[in-house]
Structures are given as structure tokens and as C-alpha cells.
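Below is one structure, written out as C-alpha cells; the observations come after it.
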There are 2 protein chains.
Amino acid sequence: MIGRALRLLDAFDAQRRELTLSELARRADMPLSTAHRLMQELCAWGAVERDADGLYRIGLRLWELGSLAPRGPGLRETALPFLEDLSQITKENVQLAVREGTEVVFVERIAGSGAVPVLTRVGGRFALTATGVGLVLLAHAPAEVQEEVLGGPIDRYTAKTVTDPRQLRRMLADTRANGFSISDRQVTMDALSVGAPIRDRHGEVIAAVSLVVRHGSTTPHALARLVRTSAQAISRALSA
Amino acid sequence: MIGRALRLLDAFDAQRRELTLSELARRADMPLSTAHRLMQELCAWGAVERDADGLYRIGLRLWELGSLAPRGPGLRETALPFLEDLSQITKENVQLAVREGTEVVFVERIAGSGAVPVLTRVGGRFALTATGVGLVLLAHAPAEVQEEVLGGPIDRYTAKTVTDPRQLRRMLADTRANGFSISDRQVTMDALSVGAPIRDRHGEVIAAVSLVVRHGSTTPHALARLVRTSAQAISRALSA
DNA sequence: TAAGGGCTTCCATTTTCCGGAAACACCGCT
DNA sequence: AGCGGTGTTTCCGGAAAATGGAAGCCCTTA
């Protein structure tokens, strides 16, 4: 069963990049002998590595494979110059993200020189309902995804986080109508983000870009124009 | 069998980031029905993705996992500021690489503003015998690796590529003695690279950094000082 | 309309994986 | 030294899952 091996790999995360065999077996909930055999196979192929200390880590081989993901590094490559422009002009935080299931995955993040510290990490995940990029991606997601997200429990991060499905639906409609989203202090009380959709050649929304600024520092609509323009430029670059 | 699934993933490379089921089965040399079932499992987990066009691609999930590799993105993170300094000061190309088996794997590459175009790609591989980083990593590799590399056939890229094992051994000895390596036009006739070792807290060489400059533009020894200093700074940052 | 290429499903066979158990290695503690 | 604790490795028979040929489906092209 291939699922077993994948469960083992799942045991790694940003906090735990190095694990002992026992920890792996515990976290993946399987007998030690099974974990041992599977890890040996993964090791032989290079998916994981292990040195004298006996700890397992994600291997280079897996990283190489991962860097072939079109929606990850592929997207990142073509978008990067535009994101840097945006960062240069505004001196604010720029984020690039895609949707995976019912979550946002951050693909790139450029920290602006004098900007609010952001808590997202490249490769990290977040709820679709709170961030600027999340709202854009949710607004253009298939109906079934929207229902699943709006029907389920909605995480609250601050007093300003919108958790009412009716209100969220209105925000999504606005996002579609305006071509940009605003998340005002929904993640932290000192930050606001403005997101815009990136489309493929067929017009499908495949990613989102956003600016994250300190609350009150600028008017959202000024940012919206910049972000939308940048998103459109990226869309064009992708279609070329 | 887990090896089967890994063989399928191996079918992807930088040239072929999107494959049909048939191509996958062909490249991994297995029946269509087997490939189909395995790809379905990988898809369900998110290791690969597939949209309406039916093509398979590496999935985000795999990219996320890959970005947990300590020797890849982990090393990159701590080294990046130093590499950028080096790039700022010299305006030349900076490369960061590690050894995997008998090859160099490039972990980061910063293109200098007015520098020679380099042909390496992040996540790409190269022979240990030709580049500046390769010579450093080979010079400090276990004896068995050195034997395997020097004993086997040695790729030639230019008229200046050193392919004689005796001469290579001398270069490796020099590299160890000097604390830096010089690859003079061994990869392309217009470029020269100078590499230096990055060590972990135990003094083991775990990576290498290099400057790649146009041949004749600067004296190698001036570069060597810069690269060595930078490599030592990175080593210290890693041990902290 | 027929042929070709690609994709998906089915299912009996057989191969492989599974995981308990036992042994091993290495601590720190008494 | 002896002892409990923790982590690792190997073994092997029973059980379960992978395998891949075949047949059917859906396109596009000739």
C-alpha cells in the first residue's frame, strides 16, 4: 500500500523536520517494523535521508521533484519579477498564493522594507475565508468548494474576522464584481490585505496576489489599483 | 510496491513537467492499468494533480513536503542573506550547492547584474568534476565517492575540462590545502568559477558556495578571498 | 465508418506486504 | 555490574493487496 508511505511523509512538518523512527511510527500510527521497512525504501530512493545521528529528514530528491510543480515554483518563476516590482513600488508585503482544496497555500512572499511583519510562510497553509488572497480564490472557486467552506465551521482570528456565511457571500460577490478583495483586520488587528485574481489563458482564476499593509496606513482602493494591474500583468505573462 | 510509484514520479523532469498516463507508463515501463491505479492513489493524496486536460503534473503537496528538506530550502534560508551580500558586492553570479551521491545539486543561484549567463537551474544537477562547487564538494567527499568519480568516465565540456584523474587529484589536494577551488573554463569557455566549502558545527563540509565570473575579468585570488569569507560566515550562521 | 490512440474498469491470480516477536544497542540510574 | 527505558533492526508465516491482461469507452483523424 502506497498510502502508508505517504502517511509517514505526512509526519514531517515545518516544526518537525527531523524525526526518529519511533516518532514517525507514532505519528503515522503504525508498527515500528512497518515504519522501518517503508522508511528504508524511501531512503533508498532518496525521498528521505538519514545520517549518523539516526534522524530521518526529507531528502533532496523530494525537493527536486517538488520544484517541478507547475502551480508552485513554475508559477513563482514567472510571477516573481512582477511581485518584486510591486514590492519596490509600495515597500509593502507581497504575497502569491493558490488554492488547494479548501485552503490557501502560499507560493511566494516578499517582505516589504518597512512593512508589518506577516506570519505566513512559503509553503504554508491558511483558511480561505480570512486573507485577501483567500477571498479571491474562494470567490472564484467551484460552487461545491464554496458550499463546503461556508457550510462548515469558520475560524475566527480577531474580533473583525467575518464568520457569518451570509456576510461572507456578500464579500465574495463584491470581490467578483470589483476584481479585488479586501480583508480588513481579519487575520491580525494591525494588518489589512488587498488581493486580486491571476487568470490562465482560458480566464480561469488559478492564483491570487495580495498586498499586506499596516491598518490605516493607506486607503485600500489605492492599493487595489496596483494589485489588480500587477495581477493582470502576471496573467498576461502566464498566457504568453 | 512503493518503488513502482517512485518510478512513476521519476518520469517527470524539468523538460517534461506534464505527462499523459501513457507517457508515464511508457517511461516507467509498466502496464497502463498499473500506472493508472498508482497515479490515482498519488492524485488522491496530492502528490500529483490532474485537471480537465487529463495531463498529470507534480502536485503542490509534494512541493510543500520538499520545502521541508533541511539540505535544500533549509540551508537556502540561512545562506540567502550572505549570498545576496556577495552578489551585491561583486555583481557576479553566486551559486549554492550540495553533493548528492556523485553529483552536484544546485540549491540556489543568484544572477549578478552584469554577469555571464549561467546554465545551471535551481534543483538541477551537474558532474562533481567540473564546477567550482563540484570540486569543493568532491575534495571533501568520502574516499569511496572520490574513487567512484575518478575511476569512472569523466565528462568533458570544453577543451579546458580536466578529465585526467591524476590531474584532478592534484586539483582536489590544492582545493583542500587552499580552502577554495578554481574551475577555469572547465564548463564553458567564457566562464570561470571559484568555490569554497561550507561546514556544519562538526567541521564537516556539507555545502559549497561559488562565484561564477567571465573569464579574464578578475583575478581568481581576489574572488577566492571573498568567497571564503562568505562561506565561513554561512558556516557560522549554520552552527548558531 | 473504420482505425488508432488514449483512458478506465474489472477480476482471478499471485506476489508482496504486514506486523508480532525477539534480539540488539545504547543510554542513565542505582 | 545490573537494571529499566527507549530506540532500532531482523525474521518469517499468514493474510491482504498489488498486478496486468482483457474488454469496453471516448475521442480524433483518415
Side-chain angles (χ1 to χ4, degrees), chain A residues 1-13 15-59 61-62 65 68-71 142 144 200-202 204, chain B residues 1-13 15-59 61-62 65 68-71 200-202 204:
Chain A
M1 177 93 114
I2 200 178
R4 297 292 187 90
L6 297 174
R7 256 174 43 214
L8 278 171
L9 293 176
D10 256 335
F12 293 93
D13 61 34
Q15 280 69 45
R16 304 174 179 259
R17 300 188 184 207
E18 308 187 338
L19 295 172
T20 67
L21 181 62
S22 320
E23 280 176 82
L24 278 163
R26 233 189 332 271
R27 289 169 73 86
D29 188 37
M30 64 179 72
L32 249 83
S33 56
T34 303
H36 181 249
R37 182 171 30 78
L38 290 175
M39 290 309 281
Q40 274 192 332
E41 290 193 61
L42 289 171
C43 230
W45 185 74
V48 296
E49 297 176 352
R50 181 180 214 194
D51 63 10
D53 60 11
L55 294 176
Y56 289 95
R57 320 164 215 292
I58 298 293
R61 200 65 201 283
L62 214 48
L65 254 190
L68 298 177
R71 293 209 298 151
E144 54 185 89
D200 67 8
R201 72 190 66 218
H202 310 301
E204 291 292 307
Chain B
M1 176 91 116
I2 201 177
R4 300 247 145 156
L6 297 174
R7 256 174 42 213
L8 278 170
L9 292 177
D10 255 337
F12 292 93
D13 60 33
Q15 280 68 45
R16 306 176 179 254
R17 299 186 185 209
E18 308 186 340
L19 295 173
T20 67
L21 181 61
S22 321
E23 280 176 77
L24 278 163
R26 228 186 339 270
R27 288 169 74 87
D29 188 38
M30 63 179 73
L32 241 75
S33 56
T34 303
H36 180 249
R37 183 172 32 76
L38 290 174
M39 291 308 282
Q40 274 193 332
E41 290 194 60
L42 290 172
C43 231
W45 185 75
V48 297
E49 298 177 351
R50 179 179 215 194
D51 63 10
D53 61 11
L55 294 175
Y56 288 95
R57 321 164 214 291
I58 298 293
R61 200 63 200 284
L62 215 49
L65 254 190
L68 298 177
R71 293 209 298 152
D200 66 8
R201 70 191 68 219
H202 310 300
E204 291 293 306

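Quick note on labels: first sequence line is chain A, next is B, and so on, each numbered from 1. Predicted model only: the values in this text are computed from it and were never measured.
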Could you measure the distance from the OG1 atom of B:Thr20 to the CZ atom of B:Arg50? Nearest 0.5 Å is fine.
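B:Thr20 atom OG1 to B:Arg50 atom CZ measures 9.0 Å (nearest 0.5 Å).
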
Atom pair CG/CG of A:Leu24 and A:Asp10 - distance to nearest 0.5 Å
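The CG atom of A:Leu24 sits 11.0 Å away from the CG atom of A:Asp10.
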
Provide a list of protein-nucleic acid N or O atom pairs under 3.5 angstrom, restricted to nucleotides 28-30 of chain D.
none

Close N or O pairs between protein and nucleotides 4-6 of chain C (under 3.5 Å):
none

Flag yes if more than 12 heavy atoms outside A:Asp29 fall under 6.0 Å of its CG atom; otherwise flag no.
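Counting neighbours around CG of A:Asp29, 12 or fewer heavy atoms of other residues, nucleotides or ligands fall under 6.0 Å, so no.
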
Could you check whether any side-chain heavy atom of A:Glu23 comes within less than 4.5 Å of a side-chain heavy atom of A:Arg16, counting everything from C-beta outward?
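Sidechains of A:Arg16 and A:Glu23: in contact.
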
Applying side-chain contact (heavy atoms from CB on, under 4.5 Å), run through A:Arg61 and B:Leu6 and close with a yes or a no.
CA-CA 11 Å; A:Arg61 200 65 201 283; B:Leu6 297 174; over 6 Å; no

Does the side chain of B:His36 get closer than 4.0 angstrom to OP1 or OP2 of C:dT8 through an N or O atom?
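So the side-chain polar atoms of B:His36 do come within 4.0 Å of the phosphate oxygens OP1 or OP2 of C:dT8, strictly under.
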
Should A:Arg4 and B:Ile2 be marked as a side-chain contact (heavy atoms from CB on, under 4.5 Å) after you check the CA-CA gap, both sets of side-chain angles, and the distance that decides it?
CA-CA 9 Å; A:Arg4 297 292 187 90; B:Ile2 201 177; over 6 Å; no

For a quick test of reading the model, state the closest non-hydrogen atom pair linking B:Phe12 to B:Tyr56 and the distance between them.
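Minimum heavy-atom separation between B:Phe12 and B:Tyr56: CE2-O, 3.4 Å.
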
Atom of B:Ala5, atom of B:Leu38 and distance for their closest heavy-atom approach:
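Shortest heavy-atom contact: N-CD1, 4.1 Å.
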
Any chance you could lay out the side-chain contact (heavy atoms from CB on, under 4.5 Å) test for A:Leu19 and A:Leu55, step after step, and finish with the verdict?
CA-CA 5 Å; A:Leu19 295 172; A:Leu55 294 176; 6.0 Å; no

Salt-bridge contact B:Arg57-B:Asp51 (side-chain N to carboxylate O under 4.0 Å)
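Result for this pair is yes, salt bridge flagged.
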
Could you tell me the separation between the CG atom of A:Leu19 and the C1' atom of D:dG7, rounded to a whole number of Å?
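Atom-to-atom, A:Leu19 to D:dG7, this comes out as 14 Å.
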
Could you tell me the separation between the CG atom of B:Leu8 and the P atom of D:dA18, rounded to a whole number of Å?
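Rounded to whole Å, this separation is 14 Å.
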
Is there any protein nitrogen or oxygen under 3.5 Å from a nitrogen or oxygen in nucleotides 17-21 of chain C, and what are the pairs?
residue : atom : partner : partner atom : Å
C:dC18  : OP2  : A:Arg37 : NH1          : 2.6
C:dC18  : OP2  : A:Arg37 : NH2          : 3.1
C:dG19  : OP1  : A:Arg4  : NH2          : 3.4
C:dG19  : OP2  : A:Arg4  : NH1          : 2.8
C:dG19  : OP2  : A:Thr34 : OG1          : 3.2
C:dG19  : N7   : A:Ser33 : OG           : 3.3
C:dG20  : O6   : A:Ser33 : OG           : 3.1

Base, sugar-phosphate, or nothing: which does B:Gln40 touch, judged by heavy atoms less than 4.0 Å apart?
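Sugar-phosphate, no base atom in range.
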
